[in-house]
Amino acid sequence: MAHTEHQTMRRVLRREIAGTIGLLTDAHDFTAMRRYRTFTFDDHTAYLQQVESLLRTLAAEGGHTTVALFDPEEYAEFCVHNGLEPDAAASRTRFTAELSSTGSTVPYRGQPLAELVPDLIDEAVRKATWEYATTLLARVGNCASCGEDIGRASFARASHLLARVLDTAGPGECHLVCSVSTAPEALVAALRADDDAGGTARLDEAEALEFTTVLALGIATRSAGGLVMRTTAPDTTDRVYGWRLRGDGLEPLTAGEVFDAYCTDAASGDLVSPESGVDYCVPPDLGPEGRTTDHTH
């Protein structure tokens with residue numbers, strides 16, 4: 001009887017444990033891990049199927065599991081840095097535990113792996129974009145004339161501009177995209193917002209931080225860039241409008257410029273058919289707060 005009670009208690013305790021699974025999302029990374037003797041999987045498709053089955057089992061038992069992006073190169077560096085033997089399951093477990101707090105993760109909520117993997121990759125891209133933009137922003141330094149921290153001031157300005165843009169959007173859902181032409185490549189950040197019962201915009205904090213950082217980098221470096229917004233509300237036509245980044249302010253795009261930007265494939269430059277029922281229009285006036293200030297670094 002006591003043995004049975006102990007087993008029951010262990011099952012109950014197991015439901016209280018949150019777990020993390022490190023996932024090799026593509027065949028290239030999977031092949032890289034096969035060089036380790038203790039990594040016994042030999043087929044990527046079968047590996048993904050087994051991971052999905054395990055996730056379903058853990059969810060059925062009432063547990064919470066987070067899926068983390070497992071990068072073989074980062075793993076090898078982690079082992080060197082911590083003096084660990086890379087060809088050991090315990091080392092992989094320790095690395096995965098580290099990923100739960102520092103890596104790119106997505107909670108498992110019963111979604112198919114075919115949906116979870118793209119979300120996980122998007123999260124990794126978002127995190128990498130934020131880290132890269134943050135690094136560049138920190139390197140800008142201080143203003144030669146006034147000594148002000150340009151990165152910090154630009155972030156404050158970007159936060160103010162984002163708040164102003166959301167204030168003028170009106171009720172409904174918003175999807176914003178900010179692109180900045182930094183060298184060696186352009187940075188792009190996206191942000192979704194909708195209204196709560198009180199009419200206040202609800203944002204994902206991580207998305208908002210990335211978006212603001214990318215916009216701040218454009219301001220700090222005086223790079224070419226822009227912001228496009230799409231608003232959606234019940235019983236109304238979707239509206240698409242935008243601004244170009246001008247100094248530390250936003251200059252409205254014409255309806256034609258918005259149409260060209262929204263209906264051109266960013267990768268190929270080919271025209272994309274416009275959506276029916278969408279109004280490509282001039283943005284709302286941001287007022288003096290949105291215009292370029294006299295102060296330049």
Side-chain angles (χ1 to χ4, degrees), residues 6-135 184-185 187-188 190 204 206-207 209-210:
H6 289 162
Q7 286 183 321
T8 301
M9 290 174 64
R10 281 196 292 270
R11 283 197 296 269
V12 172
L13 285 172
R14 186 175 179 179
R15 292 198 295 267
E16 303 293 325
I17 299 174
T20 303
I21 292 177
L23 181 65
L24 296 158
T25 58
D26 63 61
H28 176 77
D29 288 346
F30 180 83
T31 300
M33 290 301 294
R34 289 195 63 200
R35 69 178 182 266
Y36 300 122
R37 179 185 55 81
T38 57
F39 185 80
T40 58
F41 300 97
D42 57 10
D43 181 83
H44 188 232
T45 300
Y47 160 81
L48 292 176
Q49 291 171 344
Q50 290 300 314
V51 170
E52 186 165 22
S53 177
L54 175 60
L55 287 170
R56 287 197 298 265
T57 299
L58 293 172
E61 294 174 351
H64 174 79
T65 307
T66 298
V67 181
L69 186 66
F70 195 107
D71 185 298
E73 291 185 6
E74 291 182 2
Y75 170 65
E77 293 172 359
F78 175 84
C79 289
V80 171
H81 179 74
N82 291 279
L84 300 176
E85 166 56 54
D87 196 358
S91 299
R92 293 191 292 273
T93 301
R94 182 169 167 180
F95 177 66
T96 300
E98 186 85 3
L99 290 177
S100 65
S101 59
T102 64
S104 302
T105 63
V106 171
Y108 178 70
R109 299 191 177 94
Q111 68 271 46
L113 216 58
E115 294 179 11
L116 187 148
V117 168
D119 289 344
L120 185 57
I121 294 173
D122 286 347
E123 173 64 16
V125 171
R126 183 202 62 74
K127 188 173 186 294
T129 298
W130 173 72
E131 290 176 346
Y132 181 66
T134 299
T135 300
E185 58 182 304
L187 295 181
V188 179
D204 179 277
E207 283 188 358
L209 179 59
E210 178 205 352

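Both backbone and side-chain heavy atoms feed into the values below; hydrogens, waters and symmetry mates do not.
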So with a 6.0 Å cut-off around CD of E73, is the heavy-atom count from everything else above 12?
-> no
To the nearest 0.5 Å, atom CZ of R34 lies from atom OG1 of T40 at 10.0 Å
Using a 4.5 Å cut-off on heavy atoms from C-beta on, say whether the side chain of L58 contacts that of I21.
yes
In this structure, CG of D119 is separated from OG1 of T105 (nearest 0.5 Å) by 12.0 Å
Scanning both residues in full, the closest heavy-atom pair of E210 with V188 reads OE2-O, 3.7 Å
task = Evaluate the criterion side-chain contact (heavy atoms from CB on, under 4.5 Å) for residue pair F41 and M33; output intermediate values, then yes/no.
result = CA-CA 9 Å; F41 300 97; M33 290 301 294; over 6 Å; no
Heavy-atom closest pair (L69 atom, A124 atom, distance to 0.1 Å) is CD2-CB, 3.5 Å
- prompt: Does R37 CZ have over 12 foreign heavy atoms under 6.0 Å away?
  reply: no
Of T25, L24, L23, D29, the one forming a side chain to side chain contact (heavy atoms under 4.5 Å, CB included) with F70 is L24
Between A88 and T38 the two heavy atoms that sit nearest each other are N-OG1, 3.5 Å
Rounded to the nearest 0.5 angstrom, the CG-CG distance for L99 and D71 is 9.0 Å
In this structure, CG of L116 is separated from CD1 of I121 (nearest 0.5 Å) by 10.0 Å
Whether S91 side chain and P86 backbone form a donor-acceptor pair below 3.5 Å: no
* Do T65 and L54 touch side chain to side chain, with heavy atoms closer than 4.5 Å? -> no
In short, V106 meets E123 closest at the heavy-atom pair CG2-CB, 4.4 Å
What one should report as the nearest heavy-atom pair of S100 and T20 is CB-OG1, 3.3 Å
**OP:** List the steps and the verdict of side-chain contact (heavy atoms from CB on, under 4.5 Å) for L113 and L55.
**Re:** CA-CA 9 Å; L113 216 58; L55 287 170; 3.9 Å; yes
Discussion item. Does the plane of the ring in Y36 sit parallel, tilted or perpendicular to the ring in Y75? Use 30° and 60° as the thresholds.
Written reply: perpendicular
Practice problem: Identify whether the distance between the nearest side-chain nitrogen and carboxylate oxygen of E131 and K127 falls below 4.0 Å. | Solution: yes
Exercise. Spell out, as yes or no, whether a donor-acceptor pair under 3.5 Å connects the side chain of R94 to the backbone of L84.
Key: no
Checklist entry - What is the ring orientation for F39 with F30, classed by angle as parallel under 30°, tilted 30 to 60°, or perpendicular over 60°? => result perpendicular
CH2 (W130) and CG (L187) are apart, to the nearest 0.5 Å, by 14.0 Å
Note: A59 and Y108 closest approach over all heavy atoms is CB-CE2, 3.8 Å
Rounding to 0.5 Å, atoms CZ (R56) and CD (E61) come to a distance of 13.5 Å
